[in-house]
Amino acid sequence: MKLRALAFLLAALATPAHAAPRLSVELGGALFLRNDPQGSFWDEELALGARAAVGLDRAFALPEALRLDAGLLWYASSRVDGTDAVQVRRTLYSFALPIAAGWELDYRPFEALRLTPYLTAGPAVTRTSVTYRVADPFGRRQGLAPVETDAGAWDAGGLYGAGLAVRAPEAPLGLGGRLEVARLHRGPYADLAFALGLGASF
Amino acid sequence: MAVLQWDPASRVYELRVASIETLDDVAALQGEAAVAVGNARITVGQSRIRVTGSADVHAEFIEHDGVLYPSDFHSLGLATAYFNFERARAYALARGMEPETLRRVPFYYHPEMYLSDSGPDGETDNAAWFPALRSFLLFPFDAFQEIPLAMNQGVIAHEYGHGIFTAEVHGGVWPPPWLAGWCPDGACTEANGVRMLDVLEEGFADAWAVGVTRDPWFTHHSISALGDGRLVAGFVPSRHCHSQARFEAAIAEAADLPPADQERYWAAKKYEVGTGVAGALYRAGCVDFAVEQGACQARDRCVEGDWDRYDRVMETLLRAYRASENSLARLAETDPDGSEFGTFAAVARSIAAAAEDDALRLALCAAFSDRLAIPAADLGAACDDWNGDHGACDATEARGSGALCVHGGGIRE
């Protein structure tokens with residue numbers, strides 16, 4: 001009996017409610033508050049970001065106001081710290097596959113904007129690349145060149161957070177965007193990200 | 001773990017893989033050798049010192065080819081500083097320091113200094129042993145753009161040398177009780193003792209730095225503006241030859257200055273005279289003299305890679321701090337006003353008497369006599385069998401005659 005009910009549910013979900021899912025692309029940025037190795041509460045870091053998402057709500061027979069999408073998220077950040085003689089460049093490339101589920105509000109500012117508060121979560125991986133450049137002044141005086149060393153590693157973790165999606169379906173290109181607050185594992189610690197994105201949906 | 005290290009082959013700092021043995025919390029950089037403390041504000045008042053905001057550090061590492069690499073500059077600074085403390089401690093333990101001495105000593109990474117009556121002190125570009133907190137302070141860098149002080153093995157070993165001096169000579173107490181006798185109500189009736197204390201602290205600290213690193217040029221990587229001013233290797237009379245008369249002349253010169261200028265004067269002078277003391281220890285540990293082609297030649301065995309005798313000099317120095325019968329600790333404790341402690345001769349007697357083999361003892365007698373112009377009669381029983389000839393500092397003509405080779409090295413062929 002349970003098996004038949006499950007099959008019925010899957011069949012209902014798999015029945016297309018509309019012809020094509022909505023696709024969206026966004027460019028944006030994020031302010032990461034990352035772990036500060038020196039022990040203060042945080043250290044700020046800016047990142048560039050891009051997101052592509054497919055709206056699943058059109059593909060399944062879901063309540064009209066429910067918004068469900070699956071996306072691919074990318075962030076890149078890089079910073080150099082140190083003295084003239086010792087510099088460390090750390091570059092992070094983060095990729096996440098977040099699912100976002102939200103409920104579109106009846107409240108519509110300017111009558112054209114649709115607001116959807118949402119929750120989001122998904123797996124994430126980060127590539128950390130570090131370049132160490134050492135130019136010992138004692139060596140420079142002897143004509144020795146600076147020495148560079150590279151190291152890199154992948155870290156797997158997750159992303160989870162909440163946001164507010166905005167879209168204007170009547171505007172050209174289906175203008176949309178989002179504000180999001182999320183925790184993203186980019187290393188041994190989860191960084192807090194305040195993200196802003198702007199893009200189009202088709 | 002990858003940390004910044006001095007490479008003896010290329011003689012420069014570079015990122016190298018090191019085995020760190022004593023860490024029990026890698027991210028917090030805490031272990032037997034030291035405990036990192038971040039984010040601290042240290043407020044120094046008239047009567048007390050307050051530390052606020054201090055927190056564990058959270059260094060980040062990535063694992064690459066089975067090695068932990070610090071993933072940002074401050075993590076590299078913290079990891080390298082810990083490694084440097086571990087090396088400095090290992091050297092001191094091998095010289096005879098008790099394991100409980102300076103065990104898990106805190107080091108404050110980039111603290112903010114405040115003076116309670118005048119606000120932020122803005123201390124940067126410095127590293128210090130702070131005996132009142134029994135801690136090391138590694139200040140932020142600003143104008144210093146070379147190898148950061150926290151990453152310089154020699155700088156950390158120098159500060160560790162101060163820590164050893166406090167632990168041994170002062171019995172781990174700051175201020176030591178006898179200092180109140182030397183300077184009742186903060187006014188020192190006899191300046192020689194307290195100034196000698198400063199000189200010895202800096203000179204011995206440099207001697208520890210050279211022993212740990214095997215790099216007499218250790219300041220050149222981080223403070224190249226100093227030039228050769230603190231270089232103990234080689235022989236430069238103006239840098240390495242000192243005397244009691246010259247020391248006391250400096251004290252008299254400073255006494256004519258306003259109090260604030262006196263402190264500034266000694267802030268520089270203690271390193272200058274201290275280099276003479278460190279240079280004497282280096283001569284005893286590293287320099288041999290031999291007649292070659294009819295002339296007396298000095299040979300630096302340490303520059304050639306043989307540091308064994310220098311290490312034994314440092315073992316002797318450590319014994320002279322407290323363990324030996326005529327130790328510097330005893331000398332300080334029994335000296336009512338610092339006038340005896342404030343003589344090179346008394347210090348030299350303590351150190352020479354702590355030597356455990358005759359060759360080393362005679363080398364110390366000769367080095368102190370030469371570099372600090374101490375008359376043979378003032379060197380005490382430990383140097384009774386030393387012939388009393390001076391060396392290069394006061395008899396440059398003797399260098400050509402071979403007299404230095406026969407006697408000045410203190411080691412009879």
Side-chain angles (χ1 to χ4, degrees), chain A residues 32-45 77-93 125-156 185-191, chain B residues 2 4 6-7 10-16 27-29 36-40 53-65 67-80 109-111 140-149 151 215 217-225:
Chain A
F32 280 95
L33 301 184
R34 61 178 290 259
N35 159 64
D36 177 12
Q38 299 180 80
S40 72
F41 190 54
W42 71 65
D43 191 20
E44 305 87 2
E45 186 172 87
S77 63
S78 185
R79 61 185 286 173
V80 183
D81 290 304
T83 62
D84 292 347
V86 180
Q87 296 191 339
V88 180
R89 174 185 292 278
R90 187 179 92 139
T91 305
L92 298 174
Y93 295 109
V125 292
T126 295
R127 174 71 184 175
T128 302
S129 299
V130 189
T131 300
Y132 310 86
R133 182 180 185 276
V134 183
D136 187 329
F138 192 68
R140 297 304 299 272
R141 286 194 291 278
Q142 297 172 58
L144 299 177
V147 178
E148 287 201 0
T149 310
D150 294 305
W154 287 97
D155 253 307
H185 285 98
R186 302 195 303 168
Y189 307 97
D191 297 343
Chain B
L4 210 66
W6 183 71
D7 175 21
S10 62
R11 309 180 70 80
V12 297
Y13 276 84
E14 57 187 43
L15 194 77
R16 300 176 75 198
L29 273 316
V37 183
N39 201 45
S54 58
D56 286 354
V57 302
H58 304 283
E60 282 191 34
F61 300 90
I62 56 173
E63 191 171 338
H64 177 90
D65 292 341
V67 173
L68 289 178
Y69 283 79
S71 66
D72 55 67
F73 175 78
H74 290 298
S75 296
L76 176 65
L78 286 159
T80 302
Y109 185 80
H110 290 193
F141 57 84
D142 180 21
F144 286 9
Q145 289 293 315
E146 301 178 323
I147 302 295
L149 297 177
M151 299 191 203
D215 178 17
W217 290 266
F218 73 92
T219 60
H220 286 244
H221 310 284
S222 298
I223 327 169
S224 58

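The sequence lines fix the lettering, A, B, ..., with proteins before strands; numbering per chain opens at 1. Quantities reported herein were computed from a predicted structural model and do not represent experimental measurements.
Listed for the A:Y132 side chain is a donor-acceptor partner under 3.5 Å among the backbone atoms of B:P70. Under the 3.5 Å distance criterion, the side-chain polar atoms of A:D136 are matched with a main-chain donor or acceptor of B:Y13.
Using a 4.5 Å cut-off between heavy atoms, B:A36 makes no contact with chain A at all. Only the backbone of B:E63 comes within less than 4.5 Å of a heavy atom in chain A; its side chain stays farther off. Using a 4.5 Å cut-off between heavy atoms, B:I147 touches chain A through backbone and side chain atoms alike. The parts of B:D72 that come within reach of chain A are both its backbone and its side chain, each placing non-hydrogen atoms under 4.5 angstrom from that chain. Interface remark: B:F141 contributes side-chain atoms only to the contact with chain A (heavy atom separation under 4.5 Å). Contacts between B:L29 and chain A at a heavy-atom distance below 4.5 Å are absent for every atom of the residue.
Minimum heavy-atom separation, B:N39 to A:S40: OD1-CB, 3.4 Å. Residue B:V57 comes nearest to A:P37 through the heavy atom pair CB-O, 3.1 Å, listed as atom of the first residue, atom of the second, then distance.
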Pair A:V86-B:L76, side chain to side chain contact (heavy atoms under 4.5 Å, CB included): steps then yes or no: CA-CA 10 Å; A:V86 180; B:L76 176 65; 4.1 Å; yes

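Between A:F138 and B:W217, the ring planes lie tilted relative to each other; the angle falls in the 30° to 60° range.
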